Q: 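Handing you this structure, nothing more for now.
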Amino acid sequence: MELTGGCYCGAMRYEAEGKPKLRAQCHCRECQYFSGGGPNFFLLIPPENFRYTEGTPQSFRRSDLENAMTREFCPQCGTHLATRRQDMPEVILKAGTLDRPELFGQPQIAIFTIDRQPFHFIAEEMPAYERMPRR
């Protein structure tokens, strides 16, 4: 599978190849900030299968949090494209930035439901975890 995508203004573009390791929705408080209030839908992509093809992302990592994630975003329009965790090699690619978001399909799991808001929807049959499940 080849996935392409980019930011809102078009300055940033990426390609991802192969089958994603996971499709999920994250309800953590940090993702709520970046999504505007809802859960964040993402795909886990092996790092060797992901590359930026246009532009160079700006990154942000909170210095006051232990194990803070690095957020990558367009320096022009601010679109959040990907996240990188120190404890995980995969690229966390944001589903909303795909050229064809329908290729995301359905999430397989919901994580960090401990921070879930009453207006967040989780399908009844979907496995849900208060925090990150064990790998």
Side-chain angles (χ1 to χ4, degrees):
M1 174 184 286
E2 183 170 318
L3 301 171
T4 58
C7 67
Y8 182 68
C9 74
M12 295 288 311
R13 298 289 304 155
Y14 64 77
E15 291 178 354
E17 294 178 343
K19 183 179 177 184
K21 287 187 160 188
L22 179 72
R23 297 178 321 276
Q25 64 188 58
C26 181
H27 295 265
C28 78
R29 189 65 183 109
E30 290 83 359
C31 280
Q32 292 174 40
Y33 278 104
F34 281 95
S35 73
N40 214 328
F41 295 89
F42 68 90
L43 305 98
L44 279 187
I45 305 290
E48 64 274 9
N49 294 359
F50 177 83
R51 69 184 182 100
Y52 288 105
T53 57
E54 288 182 39
T56 301
Q58 189 112 24
S59 63
F60 175 78
R61 181 176 181 265
R62 284 186 55 175
S63 60
D64 62 327
L65 295 177
E66 187 178 332
N67 298 320
M69 295 182 215
T70 300
R71 311 283 177 169
E72 295 178 350
F73 57 94
C74 174
Q76 291 184 33
C77 68
T79 300
H80 183 199
L81 300 161
T83 300
R84 313 245 183 182
R85 291 178 56 115
Q86 294 175 356
D87 63 345
M88 189 171 75
E90 292 85 8
V91 175
I92 302 167
L93 183 61
K94 305 307 173 181
T97 66
L98 294 170
D99 289 337
R100 296 185 53 210
E102 70 274 11
L103 293 176
F104 175 77
Q106 295 294 318
Q108 298 164 298
I109 63 171
I111 59 173
F112 289 102
T113 61
I114 195 161
D115 293 332
R116 178 182 177 208
Q117 300 303 318
F119 52 86
H120 291 177
F121 175 77
I122 298 175
E124 208 173 290
E125 66 280 356
M126 187 185 321
Y129 301 89
E130 281 192 352
R131 292 184 171 72
M132 186 72 101
R134 291 186 182 204
R135 299 181 87 187

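Quick caveat: nothing in here was measured; it's all calculated off a predicted structure. Note that these values count all heavy atoms, side chains included, but never hydrogens, waters or copies made by symmetry.
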Q: Got a sec, which pairs hit side-chain hydrogen bond (donor to acceptor under 3.5 Å, both in side chains) with one end in residues 104-114, sequence neighbours left out?
A: none
Q: Just verifying a value: how many Å separate Asn49 CG and Leu93 CG, rounded to the nearest 0.5 Å?
A: 11.5 Å
Q: Assign the ring pair Phe104 / Phe41 to parallel, tilted or perpendicular, where the plane angle (0 to 90°) is split at 30° and 60°.
A: perpendicular
Q: Same cluster or not: Met132 versus Met69, using hydrophobic residues (I, L, V, M, F, W, Y) connected whenever any side-chain heavy atoms lie under 4.5 Å apart?
A: no
Q: Checking Arg131 now: which residues fulfil side-chain hydrogen bond (donor to acceptor under 3.5 Å, both in side chains) with it, not counting sequence neighbours?
A: none
Q: Between atom NE2 of His27 and atom CD of Gln117, what is the distance when rounded to the nearest 0.5 Å?
A: 10.0 Å
Q: When clusters are formed from ILVMFWY side-chain contacts under 4.5 Å, directly or step by step, what else is grouped with Met126?
A: Ile122
Q: Hey, what do you get for NZ (Lys21) to CE (Met88), rounding to the nearest 0.5 Å?
A: 9.5 Å
Q: Could you give me the CA-CA distance, side-chain angles and deciding distance for Arg85 and Asn67, then say whether side chain to side chain contact (heavy atoms under 4.5 Å, CB included) is met?
A: CA-CA 8 Å; Arg85 291 178 56 115; Asn67 298 320; over 6 Å; no
Q: For residues 49-65, which residue pairs qualify under salt bridge (Lys or Arg N to Asp or Glu O under 4.0 Å), counting only residues two or more places apart or in two chains?
A: Glu15-Arg51, Arg62-Asp64
Q: Salt bridge (Lys or Arg N to Asp or Glu O under 4.0 Å) with Arg13: which residues, sequence neighbours excluded?
A: Asp99
Q: Can a donor-acceptor pair be found, under 3.5 Å and without considering hydrogens, that links the side chain of Thr79 to the backbone of Tyr8?
A: yes
Q: Measuring only between side-chain heavy atoms, which start at C-beta, is Ile45 closer than 4.5 Å to Pro20?
A: yes
Q: Could you tell me if the side chain of Thr70 sits less than 4.5 Å from the side chain of Gln86, heavy atoms only?
A: no
Q: Grab the two heavy atoms, one from Lys94 and one from Thr97, that are nearest each other, plus how far apart they are.
A: O-OG1, 2.7 Å
Q: Which residues pass the ring-ring contact (aromatic ring centres under 6.0 Å, His included) test with Phe121, sequence neighbours left out?
A: none
Q: In Å and rounded to the nearest 0.5 Å, what is the CD1 to CG distance from Ile109 to Leu22?
A: 4.5 Å
Q: Output a table of donor-acceptor pairs, distance under 3.5 Å, between side-chain atoms of residues 33-40 and any protein atom two or more places apart or on a different chain; print 'none' if there are none.
A:
residue, atom, partner, partner atom, Å
Ser35, OG, Cys31, O, 3.1
Ser35, OG, Gln32, O, 3.4
Ser35, OG, Gly37, N, 3.3
Ser35, OG, Gly38, N, 3.0
Ser35, OG, Gly38, O, 2.4

Q: Using every non-hydrogen atom in the two residues, find where Pro101 and Ala95 come nearest and quote the distance to one decimal.
A: CB-O, 3.9 Å
Q: Measuring from atom CZ of Phe42 to atom CZ of Arg23, what distance do you get when rounded to the nearest 0.5 angstrom?
A: 11.5 Å
Q: Can you check side chain to side chain contact (heavy atoms under 4.5 Å, CB included) on Thr4 and Thr53, steps first, answer last?
A: CA-CA 10 Å; Thr4 58; Thr53 57; over 6 Å; no
Q: Among residues at least two apart in sequence or on other chains, which ones pass ring-ring contact (aromatic ring centres under 6.0 Å, His included) with Phe50?
A: Tyr14, Tyr52
Q: Check which hydrophobic residues are tied to Ile114 through side-chain heavy-atom contacts below 4.5 Å, counting indirect links as well, and list them.
A: none
Q: What are the two closest non-hydrogen atoms of Cys77 and Cys9, and how far apart are they?
A: SG-N, 3.5 Å
Q: Could you give the distance from CZ (Arg71) to CG (Leu81), rounded to the nearest 0.5 Å?
A: 12.5 Å
Q: Could you report the tightest heavy-atom contact between Glu90 and Pro47, atom names first, then the distance?
A: CA-CD, 4.0 Å
Q: Just to verify, what does Arg29 make a salt bridge (Lys or Arg N to Asp or Glu O under 4.0 Å) with, not counting sequence neighbours?
A: none
Q: Members other than Phe60 in its cluster, when Ile, Leu, Val, Met, Phe, Trp, Tyr link by side-chain heavy atoms under 4.5 Å?
A: Phe73
Q: Checking Glu102 now: which residues fulfil salt bridge (Lys or Arg N to Asp or Glu O under 4.0 Å) with it, not counting sequence neighbours?
A: Arg100
